Amino acid sequence: AARDLYKYRHQYPNFKDLRYQNDLCNLRFYKNKIPFKPDGVYIEEVLNKWKGDYEKLEHNHTYIQWLFPLREQGLNFYAKELTTYEIEEFKKTKEAIRRFLLAYKMMLEFFGIKLIDKTGNVARAANWQERFQHLNESQHNYLRITRILKSLGELGYESFKSPLVKFILHEALVEDTIPNIKQSALEYFVYTIRDRRERRKLLRFAQQHYTPSEHFIWGPPRKQKSEGSKANKKPASPVSIPNSHISKHKKPKEPKNTSASGSSAGKINEERKVEFTKNGEENDQDEQEVNCDAVRQNSSEKNNDTDTSQLSKSEEIHDNSDRKEDASYSKKDDENLNNDSSLNCSRIILIICSCIYLYYKQKVYRP
């Protein structure tokens, strides 16, 4: 999930998108020229006759890929992926954009939400109690929300995503009307937003209202506590921020004997498991740095308003580290593999030496 969302936010790097004019089936569907497959229903019929038919919207699983197309394949293999050329043509077609917004409003109403203005702000719909109860129980709709958020960003409505995600977080964490959705909101919905500062605001909001607070892992909490204790002793400088991330990748010292190597290896593996669980498999490395920076920024705003210049410098440092995310992934994996191999080699060498010693000992003292 982390890799998938990272690719989406960074416009699918290394994706070969041929900019030729294909059949433009997604655009033609929204222009009401072709029906969506395999059902054979046109967009106008969906918007007019399916609206309010919650049973059909719930149990039909082929229309969502056509209403909210992406540059990746969905479950409906009849639906084709968007291309950059098709996205550009889609944005130029007023008829398609108008129907796209109507489709968005229809799905919001299905979830118990209504669009209240042109900036993307949302609120509870008249049927919110019934629909929220349904949304809290039918978790397959969380995948639909993720697709809708992605499609909004692809087709020119990136600004609509933050209001919707914050509304969902508020209902899940503060009002407790849809508590089952909070995990998907923090692992998927937040990370569909391409603006890092907007993601940071949403995570800060979630951290303030998450219960129990010690289970909020999107900080990550271990790093926050260690950095908080250091801050009490000595004020942190902007240059020291990336050093805390580099220290995670240092190799531990090699053990001197077999027993020590076995115990140290167990400790290393255990620390890896704890760190991996705490940080969350879904969070890519650039998000961990961003979230840590967000928590530091929040605490510094409470203590001293003059720290804004330091935070802006640290943001520049993290911008450079974001560009090197893929390289850091491979580097960390190589270091872990080298560490494991060195421990295994030390064990093998000790075993071989022990065998040679016993062999010559028996040979010398043999009667």
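Scope of the values below: all heavy atoms of this structure, side chains included, with no hydrogens, waters or symmetry mates. On a predicted model such as this, the values are computed, not experimentally measured, just so you know.
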Fill in: Note, L155 side chain near L82 side chain (heavy atom, < 4.5 Å)
yes

Worksheet item: Closest heavy-atom contact between G112 and F132?
Response: O-CE1, 3.5 Å

Worksheet entry | Proximity of F100 and F68 rings by center, below 6.0 Å | yes

Worksheet item: Between P35 and G40, what is the shortest heavy-atom contact and its length?
Response: CB-C, 3.4 Å

Worksheet entry | Joint hydrophobic cluster, M106 plus Y157, side-chain heavy atoms closer than 4.5 Å | yes

Worksheet item: Without hydrogens or angle criteria, can the side chains of N26 and E86 be said to hold a donor-acceptor pair below 3.5 Å?
Response: yes

Discussion item. With a 3.5 Å distance limit and no angle check, can you tell me whether S138 reaches the backbone of H134 through a side-chain donor-acceptor pair?
Written reply: yes

Fill in: Any donor-acceptor pair under 3.5 Å from T146 side chain to Y188 backbone
no

Worksheet item: Does the side chain of K33 reach to within under 4.5 Å of the side chain of F29, using non-hydrogen atoms?
Response: no

Discussion item. For the OH atom on Y8, are there more than 12 heavy atoms of other groups (residues, nucleotides or ligands in this structure) within a distance under 6.0 Å?
Written reply: yes

Item to complete: On the 0 to 90° scale, with breaks at 30° and 60°, tag the F160-Y104 ring pair as parallel, tilted or perpendicular.
Response: tilted

Worksheet item: Quick one: do V122 and I116 end up in the same hydrophobic cluster if we chain Ile, Leu, Val, Met, Phe, Trp and Tyr together by side-chain heavy atoms under 4.5 Å apart?
Response: no

Item to complete: Look up atom CD1 in I178 and atom CD in E137, then write down how far apart they are to the nearest 0.5 Å.
Response: 12.5 Å

Worksheet item: Are R131 and F110 in a cation-pi setup, meaning NZ or CZ lies under 6.0 angstrom from the ring centre and within 45 degrees of the ring axis?
Response: yes

Worksheet item: Just checking, any donor-acceptor pair under 3.5 angstrom between side chains of E58 and N141?
Response: yes

Worksheet entry | N/O donor-acceptor pair under 3.5 Å between Y30 side chain and L67 backbone | yes

Fill in: Stepwise side-chain contact (heavy atoms from CB on, under 4.5 Å) test for K56 and K49
CA-CA 10 Å; K56 182 169 287 187; K49 296 183 179 180; over 6 Å; no

Fill in: Closest heavy-atom pair and its distance - Y142, F189
O-CE2, 3.4 Å

Worksheet item: So, K182 and D176, do they make that salt bridge, N to O below 4.0 Å?
Response: no

Worksheet item: Using 4.0 Å as the upper bound for N to carboxylate O, is an ion pair formed by R194 and E154?
Response: yes

Item to complete: Grab the two heavy atoms, one from E171 and one from T177, that are nearest each other, plus how far apart they are.
Response: OE1-OG1, 2.6 Å

Discussion item. A side-chain contact here means heavy atoms from C-beta on lying under 4.5 Å apart; do T93 and K31 qualify?
Written reply: yes

Worksheet item: E198: what forms a salt bridge (charged side-chain N to carboxylate O under 4.0 Å, His left out) with it, not counting sequence neighbours?
Response: K201

Discussion item. Please report whether the ring centroid of H61 lies less than 6.0 Å from that of H140.
Written reply: yes

Worksheet item: Heavy atoms, side chains only, cut-off 4.5 Å: are W66 and I43 in contact?
Response: no

Practice prompt. Answer yes or no on whether R124 is positioned over the face of F167, meaning its NZ or CZ is under 6.0 Å from the six-membered ring centre and within 45° of the axis.
Written response: no

Item to complete: Answer yes or no: is there a donor N or O on one side and an acceptor on the other, between the side chain of S151 and the main chain of L70, under 3.5 Å?
Response: no

Worksheet entry | Donor-acceptor contact below 3.5 Å, side chain R199 vs main chain I193 | yes

Discussion item. Using side-chain contact (heavy atoms from CB on, under 4.5 Å), reason through I168 and I145 one step at a time and then give a plain yes or no.
Written reply: CA-CA 11 Å; I168 292 173; I145 294 175; 4.3 Å; yes

Worksheet entry | Interatomic spacing from CG in L164 to CG in L152 - rounded to 0.5 Å | 8.0 Å

Practice prompt. State whether a side-chain donor-acceptor pair under 3.5 Å links H59 with E55.
Written response: yes

Discussion item. According to a hydrophobic-cluster definition based on side-chain heavy atoms being under 4.5 Å apart (Ile, Leu, Val, Met, Phe, Trp, Tyr only), do F77 and L143 belong together?
Written reply: no

Item to complete: Give a yes or no on whether Q133 atom CD has more than 12 heavy-atom contacts from other residues, nucleotides or ligands under 6.0 Å away.
Response: no

Item to complete: Identify the heavy atoms of Q65 and N76 that sit nearest to each other, and give their distance.
Response: OE1-CB, 3.5 Å

Worksheet item: Do the side chain of H170 and the main chain of K166 share a donor and acceptor less than 3.5 angstrom apart?
Response: no

Worksheet item: Is the closest side-chain heavy-atom distance between N127 and Y54 below 4.5 Å?
Response: yes

Worksheet item: To the nearest 0.5 Å, how far apart are CG in L186 and CD1 in I217?
Response: 9.0 Å

Worksheet item: Salt bridge between E109 and K105, side-chain N to carboxylate O under 4.0 Å?
Response: no

Discussion item. Taking the six-membered ring for Trp, are Y63 and F36 closer than 6.0 Å centroid to centroid?
Written reply: no

Worksheet entry | Within 45° cone of Y12 ring axis and under 6.0 Å: K7 NZ or CZ | no

Discussion item. Distance alone, cut at 3.5 Å: any donor-acceptor contact between the side chains of Q11 and R71?
Written reply: yes

Worksheet entry | Verdict with reasoning, R98 to E95, per salt bridge (Lys or Arg N to Asp or Glu O under 4.0 Å) | CA-CA 5 Å; R98 178 182 63 82; E95 181 184 8; 5.3 Å; no

Fill in: Point-to-point distance, once rounded to the nearest 0.5 Å, from CZ of F205 to CG of L173
7.0 Å

Discussion item. Is a donor from one side chain sitting under 3.5 angstrom from an acceptor on the other, for D39 and T62?
Written reply: yes

Practice prompt. Return yes when atom NZ of K80 has more than 12 non-hydrogen atoms of other residues, nucleotides or ligands closer than 6.0 Å, and no otherwise.
Written response: no

Worksheet item: Can you find a heavy atom in the side chain of L169 that is under 4.5 Å from one in the side chain of V190?
Response: yes

Fill in: Polar side-chain atom of R9 near backbone of T192 as donor-acceptor pair, under 3.5 Å
no

Discussion item. Assess whether a salt bridge exists between K161 and E158, defined as any Lys/Arg side-chain N lying under 4.0 Å from an Asp/Glu carboxylate O.
Written reply: yes

Worksheet item: How far does CD of E88 sit from CG of L27, to the nearest 0.5 angstrom?
Response: 12.0 Å

Fill in: Under 3.5 Å side-chain donor-acceptor pair for Y42 and N48
no

Item to complete: For residues Y210 and W218, determine if any side-chain heavy atom of one lies less than 4.5 Å from a side-chain heavy atom of the other.
Response: yes

Worksheet entry | Between CG on residue L57 and CZ on residue R144, distance to nearest 0.5 Å | 7.5 Å

Worksheet entry | Stepwise side chain to side chain donor-acceptor pair (under 3.5 Å) check, D4 with Y191 | CA-CA 10 Å; D4 174 67; Y191 291 99; over 6 Å; no

Discussion item. What verdict does the side-chain contact (heavy atoms from CB on, under 4.5 Å) test give for D195 and R200, after you've listed the backbone C-alpha separation in whole Å, the side-chain angles of each residue and the deciding distance to 0.1 Å?
Written reply: CA-CA 9 Å; D195 189 344; R200 186 185 302 172; over 6 Å; no

Item to complete: Please assess V165 against L149 for the test side-chain contact (heavy atoms from CB on, under 4.5 Å), listing each intermediate value before the final yes or no.
Response: CA-CA 9 Å; V165 175; L149 288 166; 4.0 Å; yes

Worksheet, complete the sentence: Heavy-atom nearest pair, S159 first then P163, reads O-CD, 3.2 Å

